2 protein chains.
Amino acid sequence: MPSQNSSQSGRSPQRQRGRERVAALLSAASACFVERGYDATTMTEIAARAGASIGSLYQFFPTKESVAEALMLDHAEALYARMERLLEHVPGWDTNELAGRLIRTFADYRKQHPSFVALQEATGSQPSLLGRTIRQRMRDYLCQILAIHAPKLAAGDLRPAAMVVQQLMKAATALQNEQPATLRQSAQTQLQRALALYLQELASE
Amino acid sequence: MPSQNSSQSGRSPQRQRGRERVAALLSAASACFVERGYDATTMTEIAARAGASIGSLYQFFPTKESVAEALMLDHAEALYARMERLLEHVPGWDTNELAGRLIRTFADYRKQHPSFVALQEATGSQPSLLGRTIRQRMRDYLCQILAIHAPKLAAGDLRPAAMVVQQLMKAATALQNEQPATLRQSAQTQLQRALALYLQELASE
DNA sequence: CTCCAATGTGAGGGTAGCCTCACATATCTG
DNA sequence: CAGATATGTGAGGCTACCCTCACATTGGAG
């Protein structure tokens, strides 16, 4: 009873060799997406870069989208882990520290993982189910963080506030593309200040 | 001495009939972009919807990108006009009123002009020169607005602040897609509050 | 009316990428 | 070793789109 259907495409690897191939394919895909963007990279390129044939690629990934999804799942796990870590430290941070961490968490991850940026930009056009799931779960983490930082806040006000914080984090990533560097840094500092002001208001009700 | 080169594609209309055709083509393109997205709509579709042949379309627009650019130019003019109007009223508004207007100006325009949204999303992937120009000029308007609202602010702090405000306006547009409506409205109100807090701090230095 | 530039047409050449398929090789199990 | 299953191959079918081109039609100027 195979876990997938019996068609040729879309099986998951059963042997060691298969797992290695999948890893090589994903690594190659990641590099291609970074260098040429999601839309511009072709399945043929990915296979060639991984030293595999096009048929081998289709054996494990029935579509280009499924390749992106597999990569995105990894990024999602890493992001969740960062949010968990954040959650642990919230009680020990004041408003300013929390604002800075929130701004940086997301922005730093994007800087360290360019393929996540490439995939995010591509997904932006036609929002995928996976993308929605990730955003939703990130918002849940923010709700937990806010519940700790602003314990007096009514439960019904938690979600809207989390949405605002989420948007401010996204704004921070948008600022990463700005030039020159001094202007960018000033803007990031100012954005952190704006977030701190808002967090302060939430906590002081 | 023609304004364009003498090749078949890319001429601008010389006669009344030509101008009408261009208008019909742009209108059709706008509708297609809204319904199917920029990437998915084809030049053939645009021509068919305008009741023109594919050759006629290429006569005036050498590439799909040039169609998008023509539409974007119209949107840019309309947006500049709105910012001018905003600029006139700034002296009479308090911080809260200004925050609300800033949040709504951009968000309202997107609601009224879906084709602008479609084009923005498409341009997001590979930033165009026109897109950069528009964002830059919008930022200049924000600098002027802030100079009025926060006269004590140092000239060097104007641009970073404008960038932050610009990002908050963009955040407001992102919230437009949220469901359900009550949650969306709460979040928008909260975002307006965050902007007001930031504007207040800028003005009170 | 005549002529010419502007406008209009749509079949089709060229390109490119997605994915399949028939078959080959590798690895495991007994 | 023998059978079974997983993995590997790449030529090519298929589709879709961009854009050109040779030619037709229109409308205004002289």
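Quick caveat, the model's predicted, so the values are computed rather than measured. Every heavy atom of this structure was used, including side-chain atoms; hydrogens, water molecules and symmetry mates were not. Letters go in sequence order (proteins before strands), and every chain restarts at 1.
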[atom1] of [X] versus [atom2] of [N]: gap in Å, rounded?
X	N	atom1	atom2	result
A/F61	D/dT7	CZ	P	12 Å
A/E45	C/dA16	CD	C1'	11 Å
B/Y58	D/dC18	OH	P	5 Å
B/Q59	D/dC23	CD	P	17 Å
B/I46	D/dC19	CD1	C1'	14 Å
B/L57	D/dT20	CG	P	12 Å
A/R36	C/dG17	CZ	C1'	12 Å
B/E65	D/dC17	CD	P	19 Å

| request: State, with a plain yes or no, whether a side-chain heavy atom of B/M72 is found less than 4.5 Å away from one of B/F116. | output: yes
| Side-chain heavy-atom pair B/M163, A/R184 within 4.5 angstrom cut-off | no
Using a strict 4.0 Å threshold on nitrogen-to-oxygen distance, state whether [X] and [Y] make a salt bridge.
X	Y	answer
B/E178	A/R135	no
A/R101	A/E97	yes
A/R15	A/E20	no

| message | Return whichever of A/G51 or B/T44 has its heavy-atom-nearest nucleotide of DNA chain D closer to the 5' end. | response | A/G51
| 5'-most contact on DNA chain D: A/S53 or B/A40, nearest heavy atom basis? | A/S53
When you get a sec, tell me which of [options] is the closest nucleotide to the side chain of [X]?
X	options	value
B/M43	D/dC18, C/dC18, D/dT7	D/dC18
A/I54	D/dC19, C/dC19, C/dT9	C/dC19
A/S56	D/dG8, C/dT7, D/dA11	D/dG8
A/F60	D/dG8, C/dG10, C/dT20	D/dG8

| request: Tell me yes or no: between the side chains of B/H113 and B/S30, is some donor less than 3.5 Å from an acceptor? | output: no
| query | Atom CG in B/L86, atom CG in B/L98: separation rounded to 0.5 Å? | reply | 7.0 Å
| field | Residues touching DNA chain D, which here means a heavy atom under 4.0 Å, drawn from residues 15-25 of chain A | value | A/R15, A/R17, A/G18, A/R21
